[in-house]
Protein chains: 2
Amino acid sequence: MKHIADSTVRRLSLYLRFLEEFERQGHDTISSGELARSGGTTSAQVRKDLSFFGSFGKRGLGYAVTDLIASLRRILGLEARWPVIIIGAGKIGAALAQYRGFGVHGFDVVGVYDADPARVGERLAGILDQLDAALEGDIARLQPRIAVLCIPGEAAQGQLDRVVKSGIRAVLNFAPTALTAPEGVAVRTVNMATELEVLAFALTNPEA
Amino acid sequence: MKHIADSTVRRLSLYLRFLEEFERQGHDTISSGELARSGGTTSAQVRKDLSFFGSFGKRGLGYAVTDLIASLRRILGLEARWPVIIIGAGKIGAALAQYRGFGVHGFDVVGVYDADPARVGERLAGILDQLDAALEGDIARLQPRIAVLCIPGEAAQGQLDRVVKSGIRAVLNFAPTALTAPEGVAVRTVNMATELEVLAFALTNPEA
DNA sequence: AGTTGTGAAACGTTTCACAGCT
DNA sequence: AGCTGTGAAACGTTTCACAACT
């Protein structure tokens, strides 16, 4: 397959989100123009994004909402459910562990780990474990495919290396550090400080 | 000023993060190559990013760490502190409100609002307020420059319109919805579902 | 008539490569 | 000798515009 741009995949995810809403509202077809408005893009962009994966519409008519949802779910790899572990049960880790949206979108939190498993209390009972040597065994047993890192910056690279060594190939990083991973491991970093600084820059340089 | 790419601003923020660490380790000069490694990019990219704003290095030598930190802080608009309000005190909103990293990086949480101010309890006491008609008055009085939306998707556009009408020009959105804002208002959306779906795509299409 | 799918053009970003300083 | 700063080249992404189809 030809290489697909990150920006394309991000938009496909947004289209899917909007289509699900659109279907709930009882619509059964949608045009690239309507879909574009939802994602803050253009109709040509929508058609181009989809064209990388095939031909899903009917000329003169648009796209069948239910079919397009199914196609996008298949393209994004959401036909199966994805088991996820969360490393770090501080405020962010604990908030994510309890976030119901995970499950709705096809991701199952199968484990939460913290160096101090007492820290969060009974709400994570049954799922919060000691972050120690047992992690490797748990990964082998539960086969999580994605690890979410919610630990301090200085611990992040170490835990990333560790889960990669155990076979995990996708990491979502909330630590405020750029991480390096071997070829074939997907890492996405969500960095609060950077997001705020981009906004500070925009406020400081309104014309840029 | 020439338009600056979003990707450039993001990298500047990462460079700053790394430089602060590098300074703490006692180094006083750094080359574009060393800085590049930290941000997962190339030395030419680092030099190009900086060149949009001026000339900060010494040929043959590199960059003076402390000076470059000061320059980046000025470029990003971090010389003053930025007052921030958080709309929504659910799990994510409450976690952010208590996140110390905000303050460290020059952002002050001056208000947290929720439709039900009883929900979080005493830890946000003195800062958590009812999300009601008083918001407009608070914005006029406290002059926050950035609003962080931590509310359900269906409420997000409404609260965005509201804070924009009160004069806020920068919004960080954690609701899983694409938002529209008038020209001149910077909006950044952090969407958990999309981040996970990009990882699911990467796992499903290892070659793409 | 209306909308898709898609090559080609336009645009933007990154990489190259080297002149110019220190 | 070493490293920056930067035009120019290469590359990637978005937009255009229109033929193809319903």
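Both backbone and side-chain heavy atoms feed into the values below; hydrogens, waters and symmetry mates do not. Order of the sequence lines fixes the chain letters, A, B, ..., with proteins taken first and strands second; residue numbering starts at 1 for each chain. Values in this document were obtained by computation on a predicted structure and should not be read as measured data.
B/Ser55 has a side-chain polar atom (N or O) that falls below the 4.0 Å cut-off from OP1 or OP2 of D/dG5. For A/Thr42, a side-chain nitrogen or oxygen approaches OP1 or OP2 of D/dT15 to under 4.0 Å. A close approach under 4.0 Å does occur between a side-chain nitrogen or oxygen of B/Ser32 and OP1 or OP2 of D/dT4.
The existence of a salt bridge linking B/Arg145 and B/Asp108 is excluded, since no basic side-chain nitrogen approaches an acidic carboxylate oxygen closer than 4.0 Å. With salt bridges taken as basic N to acidic carboxylate O contacts below 4.0 Å, one links A/Arg17 and B/Glu197. Checked for salt-bridge contact, A/Arg24 and A/Glu21 meet the test: a charged N lies under 4.0 Å from a carboxylate O.
As rounded to whole Å, 16 Å separates atom P of C/dG7 from atom CD of A/Gln45. In this structure, B/Ile30 atom CD1 and D/dT4 atom C1' are separated by 14 Å, rounded to whole Å. When rounded to the nearest whole Å, the span between CG of B/Asp49 and P of C/dG12 equals 17 Å. Distance CZ (B/Arg47) to P (D/dG7): 14 Å, rounded to an integer number of Å. Going from atom CD of A/Glu34 over to atom C1' of C/dT4 covers 14 Å, rounded to whole Å. Nucleotide D/dG7 holds its P atom 11 Å from the NZ atom of B/Lys2, rounded to whole Å. Put simply, CG on A/Leu50 is 16 Å from P on C/dT3, counting in whole angstrom units. Counting to the nearest Å, the C1' atom of D/dT14 and the CZ atom of A/Arg10 are 16 Å from each other.
The side chain of A/Tyr63 approaches C/dT4 more closely than any other nucleotide in the set C/dT4, D/dT14, C/dT13. Nearest nucleotide to the A/Lys48 side chain, out of D/dT15, D/dT4, C/dT13: D/dT15. Side chain of B/Arg59, nearest nucleotide from D/dG5, C/dA17, D/dT22: D/dG5. Out of D/dT14, D/dG7, D/dA17, the shortest distance to the side chain of A/Arg11 is found at D/dT14.
Among all heavy-atom pairs drawn from A/Gln157 and A/Ala178, the shortest one is OE1-O, 4.5 Å.
Residue whose closest nucleotide on DNA chain D sits further toward the 5' end, between B/Ser43 and A/Leu61: B/Ser43. Comparing A/Ala5 and A/Ala44 against DNA chain D, the residue whose closest nucleotide sits nearer the 5' end is A/Ala5.
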>> A/Ser32 vs A/Arg47, test: side chain to side chain donor-acceptor pair (under 3.5 Å). Steps then yes/no.
In response: CA-CA 6 Å; A/Ser32 57; A/Arg47 295 197 302 276; 3.2 Å; yes
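In this structure, B/Ser7 reaches the sugar-phosphate backbone alone: every heavy-atom distance under 4.0 Å involves primed, P, OP1 or OP2 atoms, never a base.
Residue-to-nucleotide contacts include no donor-acceptor pair under 3.5 Å from the side chain of B/Lys58 to the base of D/dG2.
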